[in-house]
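Written below as structure tokens is the structure these notes are about.
Computation of the quantities below employed the complete heavy-atom set of this structure, encompassing side-chain atoms and omitting hydrogens, waters and symmetry-equivalent molecules.
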Amino acid sequence: MSAVAAAAPVVSREPVDAVPLASIDVSHPDLWANDSHWPLFARLRREDPVHYCANSLFGPYWSVTKFKDIMNVETHPEIYSSAFSHGGITIFDTNKVATLPMFIAMDPPIHDEKRKVVQPIVAPDNLARMEALIRSRTAAALDQLPVGETFDWVERVSINLTTQMLATLFDFPFEDRDKLPFWSDLATTIPGPGGIVETEEERMRLLGECAMYFTKLWNERVNAAPGTDLLSMMAHDPRTRSMTPEEFLGNLMLLIVGGNDTTRNSMTGGIVALHENPAEYAKLCADPSIIGTSMISEIIRWQTPLAHMRRTAVADTELGGKQIKAGDKVIMWYVSGNRDPEAIDQPDRFIADRPRARQHLSFGFGVHRCVGNRLAELQLKILWEELLARWPRAGQIEVMGAPRRVPSPFVKGYESLPVRINP
């Protein structure tokens with residue numbers, strides 16, 4: 001928890017309906033550490049779908065909580081800017097990483113041109129080439145798990161597999177791959193006593209080491225024949241080979257976090273979802289074909305591994321009957337839109353064979369839709385296929401205690417999850 005968070009008022013223990021509407025602040029880290037934000041979002045969707053919070057740890061902001069209103073914001077980038085010069089894509093104004101120049105923190109048409117540089121890494125033919133490698137690594141990781149003993153799923157499976165994939169995407173030295181999840185966590189953490197870092201200055205100093213490491217790799221790639229990894233793509237493309245140091249670090253962090261958090265936390269979220277919904281676990285084991293047709297999309301919706309994206313209004317506008325002023329911070333709460341009963345049938349239920357399961361907001365929408373969504377889905381699909389090939393009975397993968405969750409309103413994830421595989 002950050003020093004700022006530690007000094008903030010304690011989150012109210014009153015019944016949700018007794019909390020004055022104006023005082024609701026769904027961004028407080030305690031809510032996310034305790035997984036206690038759900039009733040607040042449900043109330044906002046019912047009573048005040050576009051809600052203004054005047055005081056929070058991260059300054060004043062608007063909460064957009066319904067599916068249709070989030071879509072409105074997503075599809076009007078000329079009104080709601082993602083640009084780093086306006087604050088970027090997260091609620092964190094004081095996180096210097098979040099306000100660095102990067103592809104996702106730019107508006108069209110610059111965003112569109114920069115994004116095209118890295119798109120080939122997830123083209124269908126490239127995904128097809130990577131599938132056998134992903135499967136072999138997944139199989140190897142699962143075969144090393146201790147059956148009959150409690151272990152941390154996050155460390156042994158989720159972090160392990162996504163780190164290997166990130167190393168491949170960057171053609172990063174495999175022996176140093178553990179640096180990648182550390183840098184990812186470093187970029188999104190809230191600094192404070194007992195945390196990964198205690199100050200913003202410490203964060204940026206450590207990320208300077210990341211930049212130095214990647215600069216060495218960049219110099220090697222730019223002086224070699226073009227390759228198929230992300231770094232080589234950027235080094236040899238005229239749209240990115242002359243990036244400033246700030247843009248270089250910004251795009252590194254975007255690609256590291258983007259390639260890590262969505263998949264990593266959905267790998268854990270699926271285990272939690274099936275543990276909490278044993279009938280759906282039984283349904284999956286009876287018909288594994290639903291893995292690819294619906295269940296993976298349902299896991300990603302149910303988990304919503306990035307809880308929000310931020311935009312900044314660049315003109316006065318109206319949204320959901322509220323007057324948004326130029327300069328206002330507008331937070332699209334994907335985690336709430338994915339539980340909106342007006343858009344999704346029985347949204348609080350995890351339904352492994354849900355019809356139209358791809359109708360969710362976890363990858364965003366419009367020009368900023370996640371470029372790596374198909375790769376994330378492929379990794380998750382292979383994981384569950386390989387899991388069921390080894391442990392085909394419902395409940396065979398058993399959660400042994402409560403997960404420890406990330407105390408952040410941005411990364412909706414897990415720090416640990418104790419699990420046992422029953423023979």
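- Aromatic ring orientation, Trp32 versus His37: parallel (interplanar angle below 30°, classes split at 30° and 60°).
- How far OG of Ser232 is from CG of Leu217: 11.5 Å, rounded to the nearest 0.5 Å.
- Checked by atom type, the side-chain pair Thr189/Arg203 shows no donor-acceptor distance below 3.5 Å.
- Remark: Phe170 pairs with Phe214 by the ring pair (Phe, Tyr, Trp, His ring centres under 6.0 Å) rule, at least two apart or across chains.
- Taking all atoms of both residues into account, the shortest heavy-atom contact from Met400 to Val419 is CG-C, 3.9 Å.
- Pro181 places a side-chain heavy atom less than 4.5 Å from the side chain of Arg264.
- The nearest pair of heavy atoms linking Ile104 to His111 is CA-CD2, 4.2 Å.
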Subject >> Step-by-step side-chain contact (heavy atoms from CB on, under 4.5 Å) determination, His275 to Ile397 >> reply: CA-CA 8 Å; His275 170 74; Ile397 304 170; over 6 Å; no
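- Electrostatic pairing of Arg135 and Glu131 counts as a salt bridge here, judged by a charged N lying under 4.0 Å from a carboxylate O.
- Phe363 CZ: more than 12 foreign heavy atoms inside a 6.0 Å radius.
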Could you pull out every donor-acceptor pair under 3.5 Å between side chains of residues 243-251 and any protein atom, sequence neighbours left out?
unit_1 : atom_1 : unit_2 : atom_2 : d
Thr244 : OG1    : Glu247 : N      : 3.1
Glu247 : OE2    : Lys114 : NZ     : 3.1
Asn251 : OD1    : Phe103 : N      : 2.8
Asn251 : ND2    : Glu247 : O      : 3.3

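- Checked options Leu161, Leu375, Thr168; the residue passing with Ile134 is Leu375 (criterion: side-chain contact (heavy atoms from CB on, under 4.5 Å)).
- Residue Tyr334 comes nearest to Gly364 through the heavy atom pair OH-CA, 3.6 Å, listed as atom of the first residue, atom of the second, then distance.
- For the 3.5 Å distance criterion, the side chains of Ser416 and Arg404 qualify, holding a donor opposite an acceptor.
- Residues meeting the side-chain contact (heavy atoms from CB on, under 4.5 Å) test with Asp125, sequence neighbours left out: Ala123, Arg129.
- A side-chain contact (heavy atoms from CB on, under 4.5 Å) with Leu207 holds for exactly one of Leu100, Val97, Val197; it is Val97.
- When all heavy atoms of Thr262 and Ser266 are compared, the closest pair comes out as O-OG, 2.9 Å.
- Counting non-hydrogen atoms of other residues, nucleotides and ligands closer than 6.0 Å to CG of Leu133 gives a total above 12.
- A 6.0 Å sphere centred on CG of Asn55 holds no more than 12 heavy atoms belonging to other residues, nucleotides or ligands.
- Proximity of Leu319 to Tyr80: side-chain heavy atoms (C-beta onward) are separated by under 4.5 Å at one or more points.
- In this structure, CG in Asp353 is found 12.5 Å from CD1 in Ile291, a value given to the nearest 0.5 Å.
- For the atom pair Glu386 CD and Asp143 CG, the distance stands at 8.5 Å (nearest 0.5 Å).
- When the options Ile351, Leu284, Ile296 are evaluated for a side-chain contact (heavy atoms from CB on, under 4.5 Å) with Ile290, the one that passes is Leu284.
- Applying the side-chain hydrogen bond (donor to acceptor under 3.5 Å, both in side chains) definition to pairs two or more places apart or across chains, those involving residues 83-95 are Ser81-His86, Asp93-Arg310, Asp93-Lys329.
- Across every non-hydrogen atom of Met233 and Ile121, the tightest pair is CE-N, 3.6 Å.
- We find that Arg311 and Glu74 are joined by a salt bridge, their nearest charged nitrogen and carboxylate oxygen being less than 4.0 Å apart.
- Checking Glu377 against Asn373 by side-chain atom types alone, no donor-acceptor pair falls below 3.5 Å.
- Contacts classified as salt bridge (Lys or Arg N to Asp or Glu O under 4.0 Å) and involving residues 205-214 (residues at least two apart or in different chains) are given here: Arg205-Glu209.
- In this view, Asp328 and Trp62, Ile324, Lys325 satisfy the side-chain contact (heavy atoms from CB on, under 4.5 Å) rule, not counting sequence neighbours.
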Original post:
For Trp38 and Arg339, what are the C-alpha separation, side-chain angles and deciding distance, and is it a side-chain contact (heavy atoms from CB on, under 4.5 Å)?
Top reply: CA-CA 9 Å; Trp38 301 108; Arg339 300 296 179 100; 3.5 Å; yes
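- Here the closest non-hydrogen pair linking Thr162 and Asn260 is OG1-OD1, 3.5 Å.
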